[in-house]
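First comes the structure, then the notes that go with it.
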Amino acid sequence: MTKGILNIENVQLTGSVSCVPKSVVSNSENSLFSSPQEAVKFIELTGVEQKRHLQPGVLVSDLCYQAADLLIKKLAWQKDEIDVLIMVTQTPDYLIPNTAIILQDRLGLSKSTACFDIPLGCSGFVYGASVISSMLSAQGFKKGILLVGDSSTTLAHKEDKAVAPLFGDAGCATGFEFSEGKRLDFKFWTDGSGFKSIYIPDGGFRNRTSEKSLHITQDAEGNKRTPLNPVMNGTDVFSFGITQVPGQVKSFLKSIDKQIDEIDYFLFHQANKFMLEMIRKSLKLEKNQVPYSMTKFGNTSSASIPLTLSLLGDTVRNTRIGMCGFGIGLSIGCGFFEIGDEFVNEFIEYDAD
Amino acid sequence: MFIMEEFIKNFYEILDDVEIDSIDKDTDYKSLEDWDSMTKLMLIAMVHEKYEKQISGNDINQSITLEHLHSRIQSI
């Protein structure tokens, strides 16, 4: 067996709800760009025409709350049936405790619910799906909800052209259930030597927040940021994406004995359209097999895979889904699962006013 | 085969408005009018496709001429 492969029996995805803020920010009108031509070039390269921004005071946990609340209703689940709630986020409500714990109370879930966070980014949905599925595959638990998302627009410095125009906010809730005969497959890959490709220098315990953390610096391209904002080496992330992702996906599909044409939809983390098109062509995937959400919603971090899924509506019923989340870490997670004919798939907008 | 002439030809193919005769091993490729964030990514993609090597942003920043870049790639 190929190393890094995880096969999980008797679990299936039963529904997904994605929630985005109502507020639309268009890159063609983004004052961050010095000219309309610069905006056009950015859109051509990244594919991000517009994205959604959280209103001040609204958190990604609010989007996840809305998504989870609707998911529970649509699946007609009783709240006391939910055994586990996992939240994948890098933008929690507080540094401690975990946001999933706070949401247990907000959602009115039973006190016997296992609740915890997984602080991963672009690959986070795949990792989160593997953890929640493993818990449901063991004896005892029957139902679980995986929440994913980040408020990336509040993390980025407003004058950092490498980061700010790329990211959008979204929160998603996906239902997982014990179900005999169903299965999910996963493959993982990690290279911690690339951790500085996307990272926030200050605010953790390596570099505690200090007065210097508020100091704004400007790089050679004129991008401004403080050490409390994410810094991204887009060139290195691109290089990693096009060189590592196709090989990982090929090796994953080979290990689970699946051909490219046996996949109805392959959902990739929505990083950058130019990069994804190269990956798609390298894997010989057809255009209609690879849906995009980044055009209208930007790079939505860990929410990008379920958001792309939600936008497909009921067309995902009775399909075979491949997925690959990749990026910050550097980290890759690949997955494969089948969707049944009663899958709940919803997309909603949230307006705090 | 990883020879300089071939590398220049491969590099030329990622450019839009440059004559092949106007670039050679001593060209300061990042000063070309065609050079922008897109060409940078296309260069990384070309090196991966034609030479099966992974170059970083640092490899590009640290090399001035095409010959510098060529020898950096050879050393990976």
Side-chain angles (χ1 to χ4, degrees), chain A residues 33-35 37-48 160-163 165-166 189 191 193-198 219-223 231-248 250 271-284 326 330 332, chain B residues 1-4 6-19 23 25 27-76:
Chain A
F33 298 114
S34 53
S35 66
Q37 289 84 350
E38 195 183 2
V40 167
K41 199 146 209 166
F42 177 87
I43 294 167
E44 190 185 297
L45 180 66
T46 62
V48 182
D160 186 347
K161 275 188 274 193
V163 180
L166 192 61
W189 180 97
D191 180 9
S193 73
F195 83 91
K196 285 191 177 175
S197 297
I198 315 171
D219 68 15
E221 281 86 42
N223 297 312
V231 50
M232 180 168 79
N233 185 329
T235 312
D236 286 354
V237 176
F238 175 83
S239 182
F240 147 75
I242 63 159
T243 55
Q244 299 300 333
V245 172
Q248 286 303 308
K250 278 179 198 165
N272 163 320
K273 197 165 186 184
F274 181 60
M275 185 189 334
L276 280 194
E277 277 296 293
M278 291 206 58
I279 292 169
R280 182 184 68 74
K281 287 173 192 164
S282 166
L283 288 165
K284 299 191 168 55
F326 60 94
L330 300 167
I332 302 176
Chain B
M1 194 159 60
F2 192 41
I3 53 173
M4 194 63 216
E6 181 108 0
F7 182 66
I8 291 171
K9 190 169 158 284
N10 288 331
F11 181 77
Y12 162 76
E13 281 172 4
I14 66 170
L15 303 172
D16 279 335
D17 301 318
V18 175
E19 296 293 323
I23 55 169
K25 66 182 176 57
T27 298
D28 176 355
Y29 64 97
K30 295 196 290 292
S31 301
L32 291 168
E33 207 176 315
D34 250 24
W35 181 261
D36 61 14
S37 48
M38 179 75 104
T39 12
K40 196 173 177 179
L41 301 188
M42 288 172 77
L43 170 64
I44 293 169
M46 181 275 280
V47 172
H48 174 59
E49 189 192 331
K50 307 270 185 190
Y51 304 102
E52 294 178 349
K53 304 245 189 176
Q54 182 179 353
I55 58 167
S56 66
N58 197 39
D59 291 317
I60 295 171
N61 294 338
Q62 298 290 315
S63 50
I64 297 164
T65 65
L66 284 173
E67 189 172 34
H68 286 151
L69 180 63
H70 179 256
S71 57
R72 247 189 125 90
I73 295 167
Q74 276 188 310
S75 69
I76 295 171

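Chain A is the first sequence line, chain B the second, and so forth, proteins listed ahead of strands; every chain is numbered from 1. The structure presented is a predicted model; accordingly, all values stated were derived computationally and were not measured.
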Interatomic distance, CG@D59(B) vs OG@S239(A), rounded to 0.5 Å, equals 8.5 Å
Without swapping roles, check the side chain of D236(A) against the backbone of S56(B) for a donor-acceptor pair under 3.5 Å. no
In this structure, OG1 of T235(A) is separated from CD1 of I55(B) (nearest 0.5 Å) by 9.5 Å
Whatever's closer than 4.5 Å to a heavy atom in chain B on Q244(A) counts as side chain
Taken to the nearest 0.5 Å, the spacing of L45(A) CG from D36(B) CG works out to 8.5 Å
Looking only at heavy atoms, the pair that brings M42(B) and F274(A) closest together is CG-CZ, 3.4 Å
Checklist line | E49(B) side chain reached by M278(A) side chain, heavy atoms, under 4.5 Å | finding: no
| message | Please determine whether the number of non-hydrogen atoms from other residues, nucleotides or ligands lying under 6.0 Å from atom CD1 of I76(B) exceeds 12. | response | yes
One should read off an interatomic distance between T243(A) OG1 and H48(B) NE2, to the nearest 0.5 angstrom, of 6.0 Å
I'd like to know whether NZ of K41(A) has more than 12 heavy-atom contacts from other residues, nucleotides or ligands below 6.0 angstrom. no
Smallest heavy-atom separation, L41(B) atom then F238(A) atom, equals O-CE2, 3.1 Å
So, the part of F42(A) with a heavy atom under 4.5 Å from chain B: the answer is neither
